[in-house]
There are 2 protein chains.
Amino acid sequence: MSADTKERIVFAAMGLFARKGYASTSVADILHDAGVNAGSLYHFFPGKQDVLLAVLDMYLHGIRPMLLQPAWNGVTDPIERVFALLEHYRDYLTRTECTYGCPIGSIALELHEPDPPVRALLAANFDGWISAIETCFIEAGDRLPSDVDRRDLATFALTTMEGGVMLSRTDRTPVAFDRSVRMLRHYIDRLQADR
Amino acid sequence: MSADTKERIVFAAMGLFARKGYASTSVADILHDAGVNAGSLYHFFPGKQDVLLAVLDMYLHGIRPMLLQPAWNGVTDPIERVFALLEHYRDYLTRTECTYGCPIGSIALELHEPDPPVRALLAANFDGWISAIETCFIEAGDRLPSDVDRRDLATFALTTMEGGVMLSRTDRTPVAFDRSVRMLRHYIDRLQADR
DNA sequence: GTCTATAACCCGATAGAC
DNA sequence: GTCTATCGGGTTATAGAC
C-alpha cells in the first residue's frame with residue numbers, strides 16, 4: 001500500500017531524528033526501522049531532506065492533537081495549562097532518562113545553515129507553540145498586568161523550556177529544567193499577585 | 001614548532017565547530033583552516049573527538065579571560081553584569097546575522113549521545129557560566145529577596161539566553177532573544193522593587 | 001614533527017528488473 | 001510500487017618516507 005509505506009517512512013524518521021538527530025540518522029537507518037527498501041523511499045521522496053520536511057510538517061500539524069490535547073487533559077485554567085505543557089516536556093525528559101528533549105529544538109540547533117524550506121518549518125513549529133501559549137495568557141485576562149505583552153511572555157515560556165531541556169540533557173538530570181520552570185512560576189505568580 | 005601547530009589546530013577547530021557544528025566539520029576542514037597536514041593532527045590527537053575535547057577545554061578555561069572580562073569591561077554593578085553578559089551574546093548574534101549563537105549550546109544539542117568525557121566538559125562549561133552569574137546575584141546582596149535562590153536565578157538566566165539564541169537563530173532575527181531578555185529584566189526588576 | 005598517498009568504510013542516491 | 005545491486009564521492013584514520 002502506498003499511503004501506508006509513506007507513513008511508515010515518516011514515522012520511522014520522526015523517531016530516529018528525535019533519538020539520533022538528522023545528520024547522524026542514515027537513510028539506511030530509516031529504511032531499516034520502516035521495514036522498507038531504498039527504492040520505495042526514493043519513490044516517495046526526492047531525498048533525505050524531503051523526509052525531514054515531512055517530519056517537520058507532521059510535528060506542525062500535530063501540535064494540537066499530539067501535544068496540547070494530551071498535555072491539557074483535565075486542565076482548564078489557562079495559566080495552569082502553560083505549566084501543564086511544561087510538565088509534559090518534563091515527563092518526556094525523565095521517561096527517557098534525560099536523553100531526549102524537544103525534537104524541534106535539537107534539529108534547530110543541529111542544522112547550522114538549513115535550507116529555507118527547512119528553516120521555515122522549524123520557525124512555524126516554534127510559532128505554533130508560542131501562539132498556543134499566548135492564547136493561554138490572553139485567556140488569563142486581567143489576572144495578568146495589562147502592560148505585560150502576552151506574546152513576549154509566551155516566548156519567554158518557550159525559551160525557558162528549551163534552555164531547561166538543553167541543560168538537563170547535558171547533565172542527565174532534570175534539576176536545571178526544574179530550577180528554570182520554578183523561576184518562571186515564581187515570576188508569573190508575582191505578576192498575578194500585584195497586577 | 002610543536003606548540004604552535006597544536007594551537008593552530010585547536011583554534012581552527014574552535015571556529016569551525018562554532019560555524020558548522022561538530023559532525024559537519026570534517027578533519028579535512030580543520031587541516032585546511034589550520035594550514036596543517038593530516039600527519040601533524042594525528043600526531044597530536046588520537047582522533048577528531050580529542051580535538052573537540054581540547055576545544056571544550058579551551059572554552060572552559062576561557063570563560064573569564066575570553067568571555068566575562070570583555071563583556072564586563074566598565075560594568076561594576078553585579079546585576080548589570082548579568083545583563084551585560086546577555087548583551088554580549090546579543091552582539092555576537094547580530095554581528096553574525098543571527099546565524100551563530102552559543103557554541104557550547106549548539107554542540108550540546110547536536111551530540112545526542114556524547115561520550116562521557118565530552119558530556120563532562122559540556123556540563124563543566126555550563127556550570128562555569130552559571131557559577132559566574134550566581135556570584136553576581138550573591139554580590140547583589142539584599143537587593144534581591146533572601147528567599148530567592150541565587151543559583152536557581154543564575155540557571156534561569158542561562159536557559160533564557162540559550163533558548164533565546166535558539167529561537168533567534170531559527171528566524172534569523174534577534175526578536176525572540178530580546179523578548180526573553182526583556183522578560184527576565186522585568187522579573188529581576190520586580191524582585192528588586194518589592195524585596 | 002611533517003609530509004603524501006591511500007586504506008577501509010559509510011553515505012546518499014540511482015539504475016533497472018520485476 | 002517494490003526490489004537488489006551498485007555507483008560515485010566523502011569520511012576518519014593510517015602507513016611509511018623524509
Side-chain angles (χ1 to χ4, degrees), chain A residues 1-57 106-107 110-119 121, chain B residues 1-57 106-107 110-119 121:
Chain A
M1 279 169 266
S2 94
D4 183 52
T5 301
K6 191 172 182 178
E7 216 172 43
R8 280 215 312 281
I9 292 169
V10 176
F11 272 110
M14 186 161 53
L16 284 161
F17 293 162
R19 287 199 304 277
K20 309 180 40 169
Y22 175 70
S24 300
T25 296
S26 69
V27 173
D29 290 334
I30 300 173
L31 299 178
H32 174 266
D33 278 25
V36 155
N37 295 98
S40 298
L41 189 148
Y42 285 99
H43 170 74
F44 290 107
F45 301 97
K48 183 185 173 186
Q49 176 172 296
D50 302 273
V51 178
L52 173 62
L53 290 172
V55 167
L56 291 177
D57 206 65
S106 299
I107 293 170
E110 176 191 348
L111 305 175
H112 284 244
E113 271 162 7
D115 278 353
V118 173
R119 196 166 67 76
L121 269 176
Chain B
M1 277 170 271
S2 94
D4 182 50
T5 300
K6 191 172 182 179
E7 217 171 42
R8 281 215 311 282
I9 292 168
V10 176
F11 272 109
M14 184 160 57
L16 284 161
F17 293 162
R19 287 198 304 278
K20 309 180 41 170
Y22 175 71
S24 301
T25 296
S26 68
V27 173
D29 290 334
I30 300 172
L31 299 177
H32 174 266
D33 278 25
V36 155
N37 295 98
S40 297
L41 189 146
Y42 286 99
H43 170 74
F44 290 108
F45 301 97
K48 184 185 174 186
Q49 178 171 297
D50 302 273
V51 178
L52 174 61
L53 289 173
V55 167
L56 292 177
D57 206 64
S106 299
I107 293 170
E110 177 190 349
L111 305 175
H112 284 244
E113 271 162 7
D115 278 352
V118 173
R119 196 166 67 76
L121 269 176

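Below, chain A is the first sequence line, B the second, and so on; all start at residue 1.
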Criterion side chain to side chain contact (heavy atoms under 4.5 Å, CB included) on B:Phe45 and B:Val27, from CA distance to verdict:
CA-CA 11 Å; B:Phe45 301 97; B:Val27 173; over 6 Å; no
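- For the pair A:Tyr22 OH and C:dG12 C1', the computed distance is 10 Å after rounding to whole Å.
- Whole-Å rounding puts the B:His32 NE2 to C:dT4 P distance at 14 Å.
- Computed from coordinates, the B:Tyr42 OH to D:dA17 P distance equals 21 Å when rounded to whole Å.
- Position along DNA chain D of the nearest nucleotide to B:Ala23 versus A:Gly35 favours A:Gly35 as the more 5'-ward residue.
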Heteroatom pairs (N/O) under 3.5 angstrom, protein to nucleotides 4-10 of chain D:
residue, atom, partner, partner atom, Å
D:dT4, OP2, A:Asn37, ND2, 2.9

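- Residues satisfying the side chain to side chain donor-acceptor pair (under 3.5 Å) test with A:Asp50, not counting sequence neighbours, are none.
- Contact annotation for B:Thr25: backbone-only contact, meaning every heavy-atom pair under 4.0 Å involves sugar-phosphate atoms and none involves a base.
- If you take CG of B:Leu31 and C1' of C:dG1, they are 15 Å apart, rounded to a whole angstrom.
- With sequence neighbours excluded, the residues forming a salt bridge (charged side-chain N to carboxylate O under 4.0 Å, His left out) with B:Arg8 are B:Asp4, listed by chain and number.
- The main-chain N or O of B:Val36 is never found under 3.5 Å from a side-chain atom of B:Ser40 such that the two would form a donor-acceptor pair.
- OP1 or OP2 of D:dG1 has not a single side-chain nitrogen or oxygen of A:Thr5 nearer than 4.0 Å.
- For B:Ser26, the side chain to side chain donor-acceptor pair (under 3.5 Å) partners two or more places apart in sequence, or in a different chain, are B:Asp29.
- In this structure, the CD atom of A:Glu7 is 14 Å from the P atom of D:dG1, given to the nearest Å.
- Geometrically, B:Lys48 does not engage B:Tyr42 in a cation-pi contact, judged by NZ or CZ lying under 6.0 Å from the ring centre and within 45° of the ring axis.
- For the side chain to side chain donor-acceptor pair (under 3.5 Å) test, residues two or more places apart in sequence or in another chain that qualify with B:Arg19 are B:Asp33.
- The distance between atom CG of A:Leu16 and atom C1' of C:dG12, rounded to the nearest whole Å, is 16 Å.
- Contacts between residues 45-55 of chain A and DNA chain C, defined by a heavy-atom separation under 4.0 Å, are made by A:Gly47, A:Lys48.
- Distance NE2 (B:His43) to C1' (D:dA13): 16 Å, rounded to an integer number of Å.
- Remark: B:Glu113 pairs with no residue by the side chain to side chain donor-acceptor pair (under 3.5 Å) rule, at least two apart or across chains.
- One can place CZ of B:Arg8 at 13 Å from P of C:dG1, the figure rounded to the nearest angstrom.
- Evaluation of the side chain to side chain contact (heavy atoms under 4.5 Å, CB included) rule for B:Asn37 yields no partner, not counting sequence neighbours.
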